[in-house]
Amino acid sequence: MQHELPIYLDNNATTRCDDAVVQAMLPYFTQYFGNAASTSHAYGWSAAEAVKIAREQIAALVGAEPQEIVFTSGATEGINLALKGVFETYASKGNHIITVATEHKAVLDTCAHIERLGGQVTYLAVDVQGLIDLSQLEQAITDKTILIAVMYGNNETGVIQPIKEISEIAHQHNVLFFCDATQAVGKIPVDVMTNDIDIMSFSAHKIYGPKGVGALYVRRKNPRVRLAAQIDGGGHERGFRSGTLNVPGIVGFGKACAICSERLPQEADRLRTMRDKLEQELLRLPGVSLNGHPQQRLPNVTNLSFEGMEGNMLIGALNKEIALSSGSACTSASMEPSHVLQAMGVSDELAHNSLRFSVGRYNTNEQIDYTISTVAKAVRYLRDGQKPEIALKETKQ
Ligand SMILES: *Cc1c(COP(=O)(O)O)cnc(C)c1O
């Protein structure tokens with residue numbers, strides 16, 4: 001069996017750049033190195049033209065107008081701009097934000113910052129499958145509410161919130177709706193118009209583009225969303241975000257979006273087939289259970305708990321062969337169990353025993369088969385109280 005080890009099954013953490021993305025970027029480091037804000041010469045013009053095309057490709061993937069795309073350094077920055085920008089701009093209307101306990105740390109930590117600045121934040125609970133309750137959302141709205149921030153698809157479980165219903169509730173109450181769609185964009189159809197989203201963040205490196213570039217969609221009409229800039233300077237990006245544009249990164253992001261637009265339905269089917277096979281086979285092992293909604297979720301991820309087995313120990317047994325994250329993915333340095341699983345009512349123990357498998361464009365059926373047998377062997381050896389090293393030796397083929 002020929003494949004590079006470890007097999008990469010951590011595509012929700014980041015993805016390999018598509019070769020076509022790298023090729024598209026290369027000329028913008030050397031031949032066309034101009035500053036897109038230089039209006040007096042051809043170097044600037046070619047950079048600006050490339051940014052214009054990328055903006056169109058990115059807008060097209062999410063159903064936005066090109067002028068509604070604000071370039072950032074990634075989703076984290078976009079989230080900061082959205083939440084802090086709304087808090088500052090709409091201060092005269094109110095100071096209350098509603099979000100969810102299972103949001104990404106970029107949202108939760110920004111909300112904590114806003115609380116320190118005098119903001120009020122409500123953290124909605126989720127049910128055992130990871131979904132919010134829409135009537136609880138509606139009840140949480142007060143006359144001081146300025147923003148509802150709910151993610152599209154969860155990075156740990158893939159659970160997809162009822163986005164259209166949430167935006168309807170928000171708008172009935174004259175509240176803005178921000179959506180962190182970093183995991184959903186490129187994997188499922190995401191459309192800011194049909195879902196009536198006011199502000200939305202996403203990122204290139206989760207969709208086979210480069211790291212360090214992202215976008216914030218900011219609605220231009222009905223209503224026109226205003227945001228206080230969080231980075232001041234030359235007034236780039238219509239004043240929303242100053243700083244010389246990362247032209248090669250933006251070109252790569254545009255190309256990555258164009259590829260997703262082209263391949264989305266087929267690619268989603270292929271990933272779902274691999275994910276389902278992996279999940280079904282692993283669920284046959286004793287003591288393995290699924291975390292998250294079995295249907296309403298992204299096609300590429302499964303989050304499983306392995307009873308009686310510390311996730312990090314299982315990862316330790318597997319990580320020479322399979323690269324994946326434990327349930328505490330984004331803060332894997334800490335031993336805190338995943339806040340997402342905790343919010344879903346998963347016990348601390350089962351949260352500690354969880355693994356996230358996220359498949360992507362570069363995975364093959366062969367890798368999935370190899371993963372199934374490797375995990376099965378590691379589980380068996382760990383259950384029998386033997387050392388992980390033995391499991392690894394045995395699984396080498
Ligand atoms: C990865 C991720 C982010 C952060 O994106 P960066 O571009 O790495 O800053 C935010 N939200 C979700 C849901 C993510 O998966």
Side-chain angles (χ1 to χ4, degrees), residues 8-17 21 58 61-62 69-84 99-113 123 126 130-132 149-161 163 166 177-188 190 197 199-217 230-231 241 243 246 249-250 252-254 256-257 260 271 292 297-303 324-332 338-341 343-344 356-360:
Y8 190 72
L9 286 181
D10 205 9
N11 287 277
N12 279 15
T14 195
T15 54
R16 190 203 131 148
C17 256
V21 166
I58 294 160
L61 179 61
V62 298
I69 299 297
V70 174
F71 288 115
T72 65
S73 63
T76 301
E77 189 195 324
I79 292 163
N80 273 263
L81 171 55
L83 299 181
K84 294 173 184 173
T99 187
V100 184
T102 51
E103 291 289 304
H104 191 273
K105 286 287 178 192
V107 169
L108 296 177
D109 288 356
T110 303
C111 283
H113 184 107
Y123 300 89
V126 295
L131 291 171
I132 64 164
V150 180
M151 75 198 315
Y152 213 118
N154 187 272
N155 44 302
E156 292 187 32
T157 59
V159 170
I160 297 173
Q161 299 293 350
I163 296 302
I166 295 168
F177 174 45
F178 163 71
C179 184
D180 173 8
T182 313
Q183 290 293 347
V185 167
K187 292 181 187 143
I188 57 171
V190 169
I197 295 168
I199 318 169
M200 185 177 86
S201 58
F202 52 113
S203 187
H205 77 99
K206 302 283 174 83
I207 57 168
Y208 316 97
K211 292 164 186 59
V213 57
L216 190 69
Y217 154 79
Q230 301 300 307
I231 297 181
R241 200 279 193 178
N246 171 4
I250 288 167
F253 190 10
C257 289
C260 285
L271 299 189
R297 59 178 168 153
L298 301 173
N300 77 309
V301 58
T302 182
N303 189 307
L324 71 156
S325 289
S326 74
S328 6
C330 288
T331 48
S332 48
S338 151
H339 71 280
V340 174
L341 299 184
M344 290 160 56
R356 176 186 73 181
F357 299 83
S358 46
V359 303

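Sequence positions, counted from 1, serve as the residue numbers for this chain. Predicted model, so just to flag it, every value in this text is computed and none were measured. Every number for a ligand or one of its atoms is a count from 1 in the order of the listing.
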Does the N or O separation between [X] and ligand 1 drop below 3.5 Å for any pair?
X: K206; value: yes
X: I79; value: no
X: H205; value: yes
X: E77; value: no

Applying a heavy-atom cut-off of 4.0 Å, say which part of A106 lies close to ligand 1: side chain, backbone, both or neither.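 For A106, no heavy atom sits under 4.0 Å from ligand 1.
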Does only the side chain of N155 get under 4.0 Å from ligand 1, or the backbone, or both, or neither? Count heavy atoms.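 Side chain only.
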Would you mind running through ligand 1 and noting each atom that sits below 4.0 Å from a heavy atom of [X]?
X: G74; value: 7 (O)
X: M151; value: 13 (C)
X: S203; value: 6 (P), 7 (O)

Closest non-hydrogen atom pair between L81 and V70, with its separation: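 Closest heavy-atom pair between L81 and V70: CD2-CG1, 4.4 Å.
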Minimum heavy-atom separation for N11 and V359, please, with both atom names.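 Looking at all heavy atoms of both residues, the closest pair is ND2-C, 3.4 Å.
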List the closest protein heavy-atom neighbour of atom 9 (O) of ligand 1: residue, atom name, distance to the nearest 0.1 Å.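 That would be T76 OG1, 2.6 Å.
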Quick one: nearest non-hydrogen protein atom to atom 5 (O) of ligand 1, plus distance?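 Atom 5 (O) of ligand 1 sits closest to the protein heavy atom A75 CB, 3.2 Å.
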Once you round to the nearest 0.5 Å, how far does NZ of K84 lie from SG of C111?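 One gets 10.5 Å once the value is rounded to the nearest 0.5 Å.
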Ignoring hydrogens and geometry, is there a side-chain-to-backbone donor-acceptor pair from N154 to T102 under 3.5 Å?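 Present.
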Hey, is the main chain of I132 close enough, under 3.5 Å, to the side chain of Q161 for a donor-acceptor pair?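 Yes, the answer is positive, given that a donor and an acceptor are paired below the 3.5 Å cut-off.
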Step by step, would you call E77 with I231 a side chain to side chain contact (heavy atoms under 4.5 Å, CB included)? CA-CA 10 Å; E77 189 195 324; I231 297 181; 3.6 Å; yes
Excluding sequence neighbours, so at least two apart, what forms ring-ring contact (aromatic ring centres under 6.0 Å, His included) with F202?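 By the ring-ring contact (aromatic ring centres under 6.0 Å, His included) rule, F202 matches F253.
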Which option out of Q183, K105, H104 puts a heavy atom nearest to atom 12 (C) of ligand 1?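 Answer by nearest heavy atom: H104.
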Nearest heavy atom to atom 13 (C) of ligand 1 wins, so pick from V107, N12, D180, N154.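 Among V107, N12, D180, N154, the closest heavy atom to atom 13 (C) of ligand 1 comes from D180.
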With no hydrogens and no angle check, just 3.5 Å: does a side-chain donor-acceptor pair link T157 and N303?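 Result is no, nothing qualifies.
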For N12 and K187, does a side-chain donor sit closer than 3.5 Å to a side-chain acceptor?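 A donor-acceptor contact under 3.5 Å links the two side chains.
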